[in-house]
Amino acid sequence: ILNVEQSPQSLHVQEGDSTNFTCSFPSSNFYALHWYRWETAKSPEALFVMTLNGDEKKKGRISATLNTKEGYSYLYIKGSQPEDSATYLCAFIGSWGKLQFGAGTQVVVTP
Amino acid sequence: DGGITQSPKYLFRKEGQNVTLSCEQNLNHDAMYWYRQDPGQGLRLIYYSQIVNDFQKGDIAEGYSVSREKKESFPLTVTSAQKNPTAFYLCASAPGDSYEQYFGPGTRLTVT
């Protein structure tokens, strides 16, 4: 089992504030890193699929960066809104094709 | 509408009974996956299948079995050998050229 860690486990953000959190993963045998958003009572949905070192992806106010050499990815939320409240999961895919999920970062945005 | 369905949403069973969780997809995806989630933990891979009539064990396959007789279906059987079967089970599928997961709504299994 691979070591994919997310930190912090949870965070509370005031509406309008920006925040970021981390996914760390093995720096060898990298194939891809995915970010998913999992809202309460819904299914997880893919946010970003990242494959290249230095990748930066953006979707609205949410963006992600990738450093495969040091084995980490950051997810940023700019100007948090209550609808951003969710658990954010990262998944590491190694060169052999197996996925390993982190435990997630739970984000709560309060008005 | 294309998507993944899991049924039922809630399932209750008595200890010692086998139970099968359904997962169907009409996305024409080659790969299908079963995950388990426990409180405070991430998704843990139970089994996955990249092609019909073939499947591989994930990280926690003990006490579970699967079949992949059709591309659109990947049922999971939780056997009486699974020591802690009470959990939330998620099924996912992915296209053959990508690992991007498309998830079903999940089944919450309670065994007493």
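So that the names make sense, note that chain A is the first sequence line, chain B the second, and so on, each numbered from 1. In this text the structure is predicted, and so the values were computed from the model without any measurement.
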Path from [X] to [Y] over hydrophobic side-chain contacts below 4.5 Å:
X: B/V52; Y: B/Y33; answer: no
X: B/Y89; Y: B/V111; answer: yes
X: A/L11; Y: A/I77; answer: yes
X: A/Y74; Y: A/F25; answer: no
X: A/V4; Y: A/Y72; answer: no

For B/E100 against A/A46, the heavy-atom pair lying closest together: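 Looking at all heavy atoms of both residues, the shortest contact is OE2-CB, 3.3 Å.
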Exercise: identify the closest heavy-atom pair between A/L99 and B/Y35: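 So the minimum-distance heavy-atom pair works out to CD2-OH, 3.9 Å.
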Side chain proximity check, [X] to [Y], heavy atoms < 4.5 angstrom:
X: A/Q100; Y: B/L45; result: no
X: A/W38; Y: B/Q37; result: yes
X: A/S43; Y: B/I4; result: no

Main chain of B/Q101, side chain of A/Y36: is a donor-acceptor contact present, judged purely on distance under 3.5 Å?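 Present.
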What option among A/K42, A/H34, A/Q106 has the most heavy-atom pairs under 4.5 Å with chain B?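 Ranked by heavy-atom pairs under 4.5 Å with chain B, first place is A/H34.
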Step through the shown structure and confirm whether more than 12 heavy atoms of other residues, nucleotides or ligands are within 6.0 Å of CD on A/Q9.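 No.
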